[in-house]
Protein chains: 2
Amino acid sequence: MSKPAASVNLLDQPAETPCCPPMAVQRMEQATALQLAPAFKALGDPVRLQLMSMIASAPGGEICVCDLTPSFEVSGSTISHHLKTLRDAGLVDAERRASWVYYRARPGLMLQLATLLTPAADA
Amino acid sequence: MSKPAASVNLLDQPAETPCCPPMAVQRMEQATALQLAPAFKALGDPVRLQLMSMIASAPGGEICVCDLTPSFEVSGSTISHHLKTLRDAGLVDAERRASWVYYRARPGLMLQLATLLTPAADA
DNA sequence: CATCGGATTCGACGTTTGTCGAAACCGAGG
DNA sequence: CCTCGGTTTCGACAAACGTCGAATCCGATG
């Protein structure tokens, strides 16, 4: 029982069913804020934001850490640490194949965040 | 010359012209990441995320600080500090009228962020 | 099975963040 | 002009963060 099921219901959606309307339409519940804030925080660092964009725009939907690291000034261990932050936030998935680790975006959560930020579509 | 003009070109858009395609479509430039990361960071706290949603969804488009503060457990000075963070990030505007201060959302930047997070719309 | 290279984890560090209470600011009204 | 209520600023402090280098892990390959 170290992982209560209630903490994942917003992150495991099938990517086509945003849980919540845009925040300009309806005030957000505290529980929603508590679950989604870590995702925004994870995107709140320039290195992670660029990492996320490289992963999300990778041809084939995935990219090797070895192709990410050389694009930044910081050390490899720092990149790894940032990737873990993105993983913990539910924004990316990692898979090891042979010596290399490949990352891919989880579009479900991205869509949640995008929907939340969408301005009210009043005509 | 203490404020180079190059630092504001992403935040002062007329709200209907997102500067950048979704990050799933095209890799983000470092300069873009440096300018937009603070906005995501500002949304990366549960209190600020809820504040932002209360402001963005306020009837009439604005809301008084006196209507925000009672909704949270934290002190008034902490709320004020969070509001300043949202202001500095370019997400909200403040206006004083008599004894009260009213906040309203800046939909331009919200749209930028939403666009960036939108999944690639490949058919 | 010893070694190699890619990736993560660990331990440490200076900096930033979230929070509070006290003090200061600023209109309004007596 | 003094006071009052709403808001912001200041100073302080513990916790979290970003970064590094060293150590460790983990497949692959000789």
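Labels below follow one simple rule: chain letters A, B, ... track the order of the sequence lines, proteins then strands, and each chain is numbered from 1. Everything numeric in this text was worked out from a predicted model, so none of it was measured.
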Rounded to the nearest Å, what distance is computed from the CG atom of residue A:D88 to the C1' atom of nucleotide C:dT8? 13 Å
To the nearest Å, give me how far apart CH2 (B:W100) and P (D:dT8) are. 14 Å
Along DNA chain C (nearest heavy atom to each residue), the more 5'-positioned of B:A98 and A:L83: A:L83
Is the phosphate of [N] approached by [X] (side-chain N or O, under 4.0 Å from OP1 or OP2)?
{"X": "B:R96", "N": "D:dT8", "answer": "no"}
{"X": "A:S75", "N": "D:dC20", "answer": "yes"}
{"X": "A:S80", "N": "C:dT8", "answer": "yes"}
{"X": "A:R48", "N": "D:dG18", "answer": "yes"}
{"X": "A:S77", "N": "C:dT8", "answer": "no"}
{"X": "A:K41", "N": "D:dC17", "answer": "yes"}

For A:Q35 and A:P38, the nearest pair of non-hydrogen atoms, with its separation, is O-CD, 3.5 Å
If you take all heavy atoms of B:L109 and B:A39, which pair is closest and at what distance? CD2-CB, 4.0 Å
From [options], pick the nucleotide closest to the side chain of [X]?
{"X": "A:V65", "options": "C:dT8, C:dC20, D:dT8", "value": "C:dT8"}
{"X": "A:D45", "options": "D:dG18, D:dT9, C:dT8", "value": "D:dG18"}
{"X": "A:V74", "options": "C:dT19, D:dT19, D:dT8", "value": "D:dT19"}

Can a donor-acceptor pair be found, under 3.5 Å and without considering hydrogens, that links the side chain of B:S80 to the backbone of B:S77? no
Main chain of A:L111, side chain of A:T115: is a donor-acceptor contact present, judged purely on distance under 3.5 Å? yes
Both A:H81 and A:S99 contact DNA chain D. Which one's nearest nucleotide lies toward the 5' end? A:H81
Under 4.0 angstrom, heavy atoms only, what part of the nucleic acid is B:H82 near: base, sugar-phosphate, or nothing? sugar-phosphate
Does A:Y103 reach a base, just sugar-phosphate, or nothing at all? Heavy atoms under 4.0 Å. sugar-phosphate
Output for pair (B:R87 CZ, B:Y103 OH), nearest 0.5 Å, gives 3.5 Å
